[in-house]
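Only one structure is covered here, and it is reproduced in the block below.
By convention in this document, chain letters (A, B, ...) are assigned in the order of the sequence lines, proteins followed by strands, and residues within each chain are numbered from 1.
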Amino acid sequence: PLGPTPLQKEHQLQFQMMEAAYYHLPQPIDTEKLQTYFHRSPVQTPAHYPQAQLPIYDTVEFYQRLSTETLFFVFYYMEGSKAQYLAAKALKKQSWRFHTKYMMWFQRHEEPKIINDDYEQGTYIYFDYEKWSQRKKEGFTFEYKYLE
Amino acid sequence: TDDPPGLQEKTEFLLKDWVALYTQQNQLTTRDARNFGAFVQKMNTYGILKTDDLITRFFRQATQICTDVVYRMFADPSLPINQAKNKIFQWIDAFVHLIAMLVRHSGEAGNPTTKINLLNKVLGIVLGTLLKDHELRGVGFQQVGYHRFFMMLFMELCSADSTLESLMHSIVSAFAYTYHLLNPSVAPGFCFAWLELISHRVFLGRILVQIPGQKGWPLYAQLLQDLFKYLAPFLRNTELGKPVGLLYKGTLRVLLVLLHDFPEFLCDYHFGFCDTIPPNCVQMRNIILSAFPRNMRLPDPFTPNLKVDMLSDSSNAPKVCSSYIMNIQPPNFKKDLDSYLKARAPVTFLSELRGHLQVTTEPGTRYNMTLMNALVMYVGTQAIALIRNKNFVPNTSNIAHSAHMDIFQNLAVDLDTEGRYLFLNAIANQLRYPNSHTHYFSCAVLHLFAEANSEAIQEQITRVLLERLIVNRPHPWGLLITFIELIKNPIYKFWEHDFVHCAPEITKLFESVARSCL
Amino acid sequence: LGTDLTGLGLNLNSQESLHPTFAGPFVEQPCRAQDVEYSVPPEYLIN
């Protein structure tokens, strides 16, 4: 039984300011670290594309199903995010190891020829993020102190 | 106006220098510390750090420069919006980083006061600049720069850093207090950004989880109160319009996150929220009233012969973190109330009751809802205490024939439709999860129905309960069990009333509710 | 009559807490893993 009550003058002023603000709404990008790739501005995809996230999308198990290439894509293009963190964990589970000096991922290609407490030497596969491909490196010395 | 000559130029020069440094280093921590050290030296050389007053003036000038960048970038029609924002964010992120580094490294290691004072100072300066900007520019006001500033500064001060981690309570309190001073009633042009800031996932986690002992809860309750206060006049006039509709929908989302993750928070502060939420916002209020402690299992309200008074939880008083007793004003009214509850004297108390509650003759705003809510809550809790002292459990018989029920019956009879609506709402707002208040007020409203001396009162009781039941979910447990009892228990003769059959769809509605109950 | 609150983009039946991936009051879906800031080792920040 209360019914509507007329807006007082101060509320009308508030409404005008709110209405003006409505035309400059905050966007997801406004509170996201400046980064060169992939701002959080979701694009409207056709409705028949799956719109909801897969239920376990942010778990290591889900990332382990992704191909190595995809994991490297997530790692190098979504830096500073949980996705990068999960991709790194999934890569390690596929026995890749991150070299903190070269900032690249390496994977043993065969049993190392030399191995001691400080390093191992042998043939490795590494992921070259500039050429975006996996390459072999013969006789590489992998120093454990650079292992992340 | 009374800045020392040359300060603005110095500030502009230093800030440009820092922005350049920050942009190229792009936060590589290795160079970060060295760049910062060198920059502080430069600030020193320019005399900025000489006195507290000069530092304050520097921050105000720097804030103003960043604000000017925002409007300059937006004024350039040739600049696409995202490029304009990138430019703006470079300046603001750099300014934020400088502040975060100064907060982190100011004062002696063990002395947090210097750091927190500096943070509060800067927040105050940006707040002041925003309010002045908001007032001067009116509908031309742009929230984006300030939104970025508060968000990025909070995120940077929350990032993994052992020094700041120990100051988390003070840091979060500083931001919560600033947001309170910045609430939508004060800065309506900032309201959308404000709602984003107070509901940001990191802010929620900090203020409601990571500050030990729930010390952040009262701060957050205050912010929600600010939001409801602002929305109230617009929501009262149900045609929302797009801006209010968006803010309202955003509020529902925040409340649903709170209901899901922090139900105990909504339980403890429900009273203050119901004081502010307009009575016609039935669903929004139901979200708050539907919250129950996560460790509690609610018996199915449709359980046949459910004995609510046998539930162990029905004897536990819920936590009510709102100082509602303070709202029973004026003091001599409270004195008469206590005296009447104790000795049913002065006898004039009941006849004067309506006069205390009615504040205007304006339809729709005749009554003081805050006083009504406080009065009902106070009388009810006093009644529960009295019954418990006699080692009884409240039930529909032992709550009768008491000074407390005299007051409720007087209100039911003496108030007009509008007043009685607020009175019945005050009762229905306590029908929540199993606790002693839910149980008592459930008995009270059923007793008022049974003892009503007019069908109008019974109809209105039904309406107040029904309007809370026919809205989309969620529905509070206490409301369901009360309504089920009303339509099931023959002593209320519910189905014999004309108003139950006043229209075919109403009859159908009651029958469908009855079917789901029985 | 209010609105159907299950249509606001929140997974209200989730066993997990909602707030860590709450994308904001004006966003219809939760944050994706790439939207959530994470304190990763500094060496990961290659760009």
Best-contacting candidate, A/Gln14, A/Gln16, A/Glu10, against chain B by heavy atom pairs under 4.5 angstrom: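 Most pairs with chain B among the choices: A/Gln14.
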Which of A/Gly3, A/Pro6, A/Pro26, A/Ala21 touches chain B most, by non-hydrogen pairs under 4.5 Å: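 Answer, by heavy-atom pair count under 4.5 Å with chain B: A/Pro26.
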Presence of salt bridge, A/Arg108 and A/Glu120, under 4.0 angstrom: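 Result for this pair is yes, salt bridge flagged.
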Basic-acidic side-chain contact under 4.0 Å: B/Asp93, B/Arg148: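 Counted as a salt bridge, because a side-chain N and a carboxylate O are separated by less than 4.0 Å.
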Ring-ring centroid check A/Phe98 A/Phe75, cutoff 6.0 Å: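 Centroid distance A/Phe98-A/Phe75: below 6.0 Å, so yes.
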With a 4.5 angstrom heavy-atom cut-off, is it the side chain or the backbone of [X] that approaches chain A, or both, or neither?
{"X": "B/Leu197", "answer": "neither"}
{"X": "B/Ile81", "answer": "neither"}
{"X": "B/Val144", "answer": "side chain"}

Test item: side-chain donor near acceptor, B/Gln143 and A/His24, under 3.5 Å: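 No pair is found: no donor N or O on one side chain lies under 3.5 Å from an acceptor on the other.
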Modelled atom types, side-chain donor and acceptor of B/Gln90 and B/Tyr22, under 3.5 Å: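 Short answer, no.
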Passing option when B/Phe154 is tested against B/Phe149, B/Tyr179, B/Phe175 for ring pair (Phe, Tyr, Trp, His ring centres under 6.0 Å):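 Considering B/Phe149, B/Tyr179, B/Phe175, a ring pair (Phe, Tyr, Trp, His ring centres under 6.0 Å) with B/Phe154 is found only for B/Phe175.
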Ring-face cation contact, B/Tyr71 with B/Arg137, 6.0 Å cut, 45° max: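 The answer is yes; both the distance and angle limits are met.
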What residue in [options] has the most heavy-atom pairs under 4.5 Å with chain A?
{"options": "B/His200, B/Gln142, B/Glu418", "result": "B/Gln142"}
{"options": "B/Phe89, B/Phe190, B/Phe141, B/Tyr367", "result": "B/Phe89"}
{"options": "B/Gly138, B/Ala187, B/Pro363", "result": "B/Gly138"}
{"options": "B/Glu196, B/Met155, B/Arg463", "result": "B/Glu196"}

Contacting region of A/Phe15 [heavy-atom separation from chain B under 4.5 Å]: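 When you check distances to chain B, atoms from both the backbone and side chain of A/Phe15 fall under 4.5 Å.
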